[in-house]
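See structure below.
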Amino acid sequence: MKFFVDTADVDAIRELNDLGMVDGVTTNPSIILKSGRDILEVTKEICSLVTGPVSAEVVADKADDMIAEGRKLAQIASNIAVKVPLTWDGLKACKVLSGEGKMVNVTLCFSANQALLAAKAGATFISPFVGRLDDINLDGLDLIQDIRTIYDNYGFETQILAASVRTVNHAKDCALIGADVMTAPPSVIKAMANHILTDKGLEQFAKDWAKTGQKIL
């Protein structure tokens, strides 16, 4: 499973990228707001750091305007994935932009039917939101499973990009289901390394090593 990092924090991206933990980056208007930076400037910097897809989202609500914004965003770098919403206009924009050879990430997906439409429209990625479904007492992981089944049934090449991943269990379960990509904040990716038994084991090893009176260096 590919790891995308869901942030515009360049330092956090660089740290994870140096460890080989970044296969791409996702951003959205809320993330750009949090960064406090110009969208074109920060997106260009991110694209220079990572070789994988970097999602930059349009903000228009009409297809023609989405297409124009998508074309401008795609000029930032060759690894830009234009992010469009899963609306009828967004699907129209997806069809045009993907037809021009651009990577397209269709976002804000909350149903398998929506995911099916996105694949038909030529989406490179579909972004179902796990955590936001959990927020309204629906199982977001069920959606990932449904999309996986549908795409496998018909050989769709659209990649399932599990989004709104908030916990390490979300990450594990998405991998078990077979999501192609997971995008998560840096804190979630780093938390995947944590385990209480690892900590306890290290504590015991440290105590025992101190008793030996030895040094390695």
Side-chain angles (χ1 to χ4, degrees), residues 1-109 118-119 121-129 157-165 179-189:
M1 183 170 65
K2 297 174 186 174
F3 282 14
F4 288 5
V5 59
D6 197 32
T7 187
D9 182 333
V10 173
D11 290 336
I13 294 168
R14 183 181 290 108
E15 178 188 7
L16 290 170
N17 191 55
D18 288 346
L19 284 171
M21 300 296 174
V22 177
D23 299 296
V25 175
T26 53
T27 68
N28 59 44
S30 297
I31 286 173
I32 295 299
L33 173 64
K34 186 176 181 180
S35 77
R37 298 182 60 185
D38 175 79
I39 182 174
L40 300 180
E41 174 192 277
V42 70
T43 303
K44 183 176 182 180
E45 185 173 358
I46 292 169
C47 287
S48 71
L49 287 175
V50 301
T51 57
V54 176
S55 289
E57 189 163 346
V58 302
V59 294
D61 57 7
K62 298 300 181 184
D64 288 346
D65 296 330
M66 289 183 196
I67 293 165
E69 290 180 355
R71 287 169 175 161
K72 182 171 183 178
L73 291 170
Q75 290 175 356
I76 295 173
S78 61
N79 55 331
I80 285 287
V82 179
K83 205 172 183 183
V84 301
L86 215 161
T87 62
W88 201 247
D89 281 274
L91 292 171
K92 290 178 181 178
C94 174
K95 181 64 174 177
V96 171
L97 293 169
S98 63
E100 294 175 351
K102 297 173 176 60
M103 290 187 290
V104 181
N105 178 359
V106 180
T107 190
L108 292 170
C109 172
T124 312
F125 303 101
I126 183 67
S127 289
F129 278 44
E157 296 182 359
T158 300
Q159 296 181 50
I160 301 172
L161 197 171
S164 191
V165 170
D180 300 288
V181 189
M182 171 200 75
T183 187
S187 59
V188 172
I189 295 174

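Treat the numbers as computed from the prediction; the structure is a model and nothing was measured. Atoms considered below: every heavy atom in the structure, side chains included; atoms not considered: hydrogens, waters and symmetry mates. For this chain, numbers begin at 1 and follow the sequence in order.
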I need the [X] [atom1] to [Y] [atom2] distance, nearest 0.5 Å.
X	Y	atom1	atom2	value
L16	D11	CG	CG	11.5 Å
F125	I160	CZ	CD1	12.0 Å
K62	I67	NZ	CD1	13.0 Å
S48	I76	OG	CD1	11.5 Å
K72	L40	NZ	CG	5.5 Å
M103	L97	CE	CG	12.0 Å

Please check this pair: side chain of [X] against backbone of [Y], looking for a donor-acceptor N/O pair closer than 3.5 Å.
X	Y	value
E69	A60	yes
K83	T107	no
T158	A123	yes
T124	V104	yes

Qualifying residue for side chain to side chain contact (heavy atoms under 4.5 Å, CB included) with T26, from L161, V5, V181: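 Filter result, single survivor: L161.
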Picking from V59, T27, L73, I31, what satisfies side chain to side chain contact (heavy atoms under 4.5 Å, CB included) with I39? L73
Could you pull out all residues at least two apart from N28 that satisfy side chain to side chain donor-acceptor pair (under 3.5 Å)?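 Counting only residues at least two positions away or on another chain, N28 forms no side chain to side chain donor-acceptor pair (under 3.5 Å).
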Which atom names give the shortest non-hydrogen contact between [X] and [Y], and what distance separates them?
X	Y	answer
N105	S55	ND2-OG, 3.1 Å
L49	N17	O-ND2, 3.1 Å
D6	P186	O-CD, 4.4 Å
R37	I32	O-CG2, 3.7 Å
A74	V82	CB-CG2, 4.2 Å
M1	A179	CG-O, 3.5 Å

Salt bridge (Lys or Arg N to Asp or Glu O under 4.0 Å) with E100: which residues, sequence neighbours excluded?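 Applying salt bridge (Lys or Arg N to Asp or Glu O under 4.0 Å) to E100 gives R71, K102.
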Using a 3.5 Å cut-off and no angle test, enumerate the donor-acceptor pairs between side-chain atoms of residues 87-94 and protein atoms at least two apart in sequence or in another chain.
from, atom 1, to, atom 2, distance (Å)
T87, OG1, G90, N, 2.9
D89, OD1, A63, N, 3.0

Going through the checks in order, is the side chain to side chain contact (heavy atoms under 4.5 Å, CB included) test met by N79 and T51? CA-CA 7 Å; N79 55 331; T51 57; 5.7 Å; no
Neighbour count above 12 (heavy atom, 6.0 Å) for D65 CG: yes
Find out whether D61 and P85 are in side-chain contact, i.e. whether some heavy atom of one side chain is under 4.5 Å from a heavy atom of the other. no
